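Step one of this worksheet: look at the structure below.
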Amino acid sequence: LTFFILMISMSDMNEVKVVQILQAFHETFGFKAAHDQGLLSPQEQNARGATEEGINRERELSGAAVEIASLPGAEVSRDADGITVTMEEKTLFNPGSATLREDSQRVLTLLATVLKKNEMLIHVEGHTDNLPVANASFPSNWELSAARAVSVVVFLEKNGIAANRLSVVGYGDAKPVAENHDFSGRQKNRRVELKLTYGE
């Protein structure tokens with residue numbers, strides 16, 4: 001078989017035909033080597049690489065989701081793009097403040113430990129309810145939501161997360177997840193969300 005393959009490779013046959021013949025012989029004799037990288041076309045190699053990368057990323061997403069869900073005050077949801085981590089105001093800040101509480105820093109330190117295990121991008125969003133801010137530090141909910149998101153990003157960077165993985169935005173009360181008619185709904189709307197993705 002080796003001699004026959006050598007003779008084929010030395011002939012002036014079309015390369016694609018050679019590969020097809022080699023694959024046929026390997027499959028006939030039960031050799032798994034027929035699927036080795038060297039016998040795959042560039043397109044097939046790229047497809048295999050993309051599939052393996054997708055599997056690895058899915059494994060990382062699932063592992064990160066499980067670890068983060070175990071943190072106090074963190075709610076995790078999955079979608080086609082990645083993971084969303086939601087933390088309500090009461091987990092991170094005092095009312096009307098953008099300064100992280102000491103107990104929230106312990107939670108974010110654990111979160112940073114999980115995030116350092118992968119290369120996911122981290123988009124941090126600040127959200128508020130629709131009640132006006134009742135202090136002079138922030139002229140509006142826009143400023144408060146942005147300042148809270150920035151506080152989380154700065155903390156994560158100080159705890160080992162590369163700056164080029166981080167981005168931040170404040171939405172104020174523009175994207176509620178519940179009605180603002182009662183305390184429970186407003187409490188859910190006062191939150192910080194971290195979107196974890198492998199987007200470019």
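Numbers here simply count residues along the sequence, with the first being 1. Predicted model, so just to flag it, every value in this text is computed and none were measured.
Contact annotation: the side chain of T86 never approaches that of V177 to less than 4.5 Å [non-hydrogen atoms, C-beta and beyond]. Annotation: side chain of L61 is in contact with side chain of M120 (closest heavy-atom distance under 4.5 Å). Here the side chains of T99 and N94 are not in contact, with every heavy-atom distance at 4.5 Å or above. Between M87 and L111, the closest side-chain pair of non-hydrogen atoms falls below 4.5 Å. Contact annotation: the side chain of T128 never approaches that of N189 to less than 4.5 Å [non-hydrogen atoms, C-beta and beyond]. Within the 4.5 Å cutoff, the side chain of R78 has heavy atoms near those of the S62 side chain.
The hydrophobic cluster containing V150 does not contain F138, counting ILVMFWY residues as joined when their side-chain heavy atoms lie under 4.5 angstrom apart, directly or transitively. One hydrophobic cluster, built from ILVMFWY side chains closer than 4.5 Å, cannot hold both I122 and Y171; they sit in different ones.
Evaluation of the side-chain hydrogen bond (donor to acceptor under 3.5 Å, both in side chains) test over residues 105-117, restricted to residues two or more places apart or in two chains, returns E67-K117.
In this view, D129 and R190 satisfy the side-chain hydrogen bond (donor to acceptor under 3.5 Å, both in side chains) rule, not counting sequence neighbours.
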Contacts table for residues 156-163: side-chain donor-acceptor under 3.5 angstrom, sequence neighbours left out:
from: N159; atom 1: ND2; to: F155; atom 2: O; distance (Å): 2.8

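Nearest heavy atoms, G126 versus A149: N-CB, 3.7 Å. Annotation for W142 and A174: closest pair CH2-CB, 4.2 Å, computed over non-hydrogen atoms. Taking every heavy atom of both residues into account, G172 and S145 meet most closely at N-OG, 2.9 Å. Here the closest non-hydrogen pair linking G96 and N135 is O-ND2, 3.0 Å.
Judged by distance alone, the side chain of S151 and the main-chain N or O of A98 form a donor-acceptor pair under 3.5 Å. Checked by atom type and distance alone, the side chain of R101 pairs as donor or acceptor with a backbone atom of F93 at under 3.5 Å. Remark: the backbone N or O of A64 is not paired with any side-chain donor or acceptor of N118 at under 3.5 angstrom.
Between R191 and the options K90, H127, R148, a side chain to side chain contact (heavy atoms under 4.5 Å, CB included) holds for only H127.
Taken from OG in S167 to CD in E125, the straight-line distance is 8.5 Å, to the nearest 0.5 Å.
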Could you give me the CA-CA distance, side-chain angles and deciding distance for E89 and R186, then say whether salt bridge (Lys or Arg N to Asp or Glu O under 4.0 Å) is met? CA-CA 10 Å; E89 173 192 64; R186 291 192 295 271; over 6 Å; no
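No donor-acceptor contact under 3.5 angstrom links the side chains of D173 and N180, judged on distance only.
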